[in-house]
There are 2 protein chains.
Amino acid sequence: MIDDTKIKSFLGQNGISPLPKRVKIMQYLIEKHNHPTVDMIYSELLHEIPGLSKTTVYNTLKLFTSKRVAVALNIEDNEIRYDADTATHGHFKCRVCDGVFDFSLDRDQLPEIPLNGFSVDEYHYYLKGVCSSCREKGLG
Amino acid sequence: MIDDTKIKSFLGQNGISPLPKRVKIMQYLIEKHNHPTVDMIYSELLHEIPGLSKTTVYNTLKLFTSKRVAVALNIEDNEIRYDADTATHGHFKCRVCDGVFDFSLDRDQLPEIPLNGFSVDEYHYYLKGVCSSCREKGLG
DNA sequence: TCAAAATTTGTAACGATTACAAAATTATGT
DNA sequence: ACATAATTTTGTAATCGTTACAAATTTTGA
């Protein structure tokens with residue numbers, strides 16, 4: 001359980017007015033760090049924030065990514081997942097159970113882009129396959 | 001201009017009946033290697049294949065990716081791009097002009113996944129930023 | 001406290017993708 | 001080659017994630 005105050009000041013430092021719903025959504029992202037979809041955030045926070053609108057979740061996540069306090073993951077074909085961990089790290093998607101796993105990765109482990117004059121501000125390293133749990137069950 | 005015969009035998013070798021529309025779509029992917037969306041393939045091939053249906057393009061690409069003669073790229077938030085180059089290589093997306101650029105990359109330049117018992121069968125390395133052309137124009 | 005600015009809501013629209021049944025094409029056996 | 005079965009294609013409708021937008025609400029700051 002993270003202190004509200006810390007999240008409020010963190011948002012404020014990043015140019016985001018720390019409105020109550022924004023604080024709750026950021027708190028959700030940080031505490032669960034489960035790469036949620038918009039629908040997951042919406043349906044789980046609805047219990048805690050009655051009357052929450054899905055549009056607010058969309059708006060808030062767009063704001064978070066534009067201010068770079070969260071990152072959008074395109075590891076699925078059909079929907080965007082979000083991650084409050086903006087440090088470079090890798091993501092693995094299991095094609096059997098659909099789970100998304102983090103793994104640590106330093107920026108300097110990744111090769112530099114061999115294109116002159118390009119500036120890079122986001123690094124995404126996605127692996128797909130079968131996770132250990134599904135393999136043990138003989139799936140995949 | 002690639003020989004039809006080569007594409008037909010390539011598809012056949014990969015367990016895909018080399019029906020005429022499939023051959024044309026594969027030929028498009030190989031010759032243009034422009035990471036097209038379904039809509040790009042559909043609208044450009046419509047001139048060459050009158051009566052082509054967009055559903056056929058979707059079906060064919062699903063078949064190609066399941067047989068691993070093409071790879072789906074999730075470098076955009078909203079739509080899937082396709083690449084007939086199934087060898088590992090990197091992709092750069094310019095957030096100004098929306099262009100997608102390839103860059104070479106060996107599998108062994110990428111770090112191994114530090115997760116025991118996981119099997120990996122797809123590697124995606126996506127970078128985002130501003131391309132040299134847009135930077136020269138002072139954009140981004 | 002009050003008015004202006006910003007945010008949230010709810011509904012409708014949008015666009016990519018999928019479902020599905022009918023029509024067309026291709027493959028198979030004789 | 002022919003008939004038939006199996007596969008593929010088509011076109012439309014449905015689905016689902018996301019965005020647009022105007023009205024209602026909340027926040028901000030004088």
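Below, each value reflects all heavy atoms present in this structure, side chains not excepted, and no hydrogens, waters or symmetry copies. As the structure is a computational prediction, the values presented were derived from the model and not from experiment. Letters A, B, ... are given to chains in the order of the sequence lines, protein chains preceding strands, and every chain is numbered from 1.
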> Determine whether a donor-acceptor pair (N or O, by modelled atom type, separation under 3.5 Å) exists between the side chain of B:Thr56 and the backbone of B:Leu52.
no
> Take A:Lys21 and B:Val38, find for each the nucleotide of DNA chain C with the closest heavy atom, and name the residue whose nucleotide sits nearer the 5' end.
A:Lys21
> Starting at atom CD1 of A:Ile41, determine the distance to atom C1' of D:dG17, rounded to an integer number of angstrom.
14 Å
> Rounding to a whole Å, what distance do you find between B:Glu76:CD and C:dA16:C1'?
12 Å
> What is the distance, to the nearest angstrom, from the CD atom on B:Glu79 to the P atom on D:dT18?
14 Å
> Rounded to whole angstroms, how far apart are CG on B:Leu73 and P on C:dA16?
17 Å
> Hey, is the main chain of A:Glu122 close enough, under 3.5 Å, to the side chain of A:His124 for a donor-acceptor pair?
no
> Output yes when a side-chain donor or acceptor of A:Glu44 lies under 3.5 Å from a complementary backbone atom of A:Ile41, and no otherwise.
no
> Where the side chain of A:Ser53 is concerned, which of C:dT17, D:dT9, C:dT9 is the nearest nucleotide?
C:dT9
> Please enumerate all protein N or O atoms sitting under 3.5 Å from an N or O of nucleotides 19-30 of chain D, with distances to 0.1 Å.
residue, atom, partner, partner atom, Å
D:dT19, OP1, A:Lys62, NZ, 3.3

> Whole angstrom is fine here: how far is it from CD1 in A:Ile49 over to C1' in C:dT7?
14 Å
> Are any non-hydrogen side-chain atoms of B:Arg81 and B:Met40 less than 4.5 angstrom apart?
yes
> Check the pair B:His91, B:Asp83 against side-chain hydrogen bond (donor to acceptor under 3.5 Å, both in side chains), reporting the backbone distance first and the verdict last.
CA-CA 11 Å; B:His91 294 97; B:Asp83 195 341; 3.2 Å; yes
> When the distance from OH of A:Tyr42 to C1' of C:dT9 is rounded to whole Å, what number comes out?
10 Å
> Is the distance between the ring centroids of A:Phe118 and B:Phe92 less than 6.0 Å?
yes
> Rounded to whole Å, please give me the gap between CZ in A:Arg81 and C1' in D:dG17.
13 Å
> Quickly work out the A:Leu63 CG to C:dT8 P distance and round it to whole Å.
9 Å
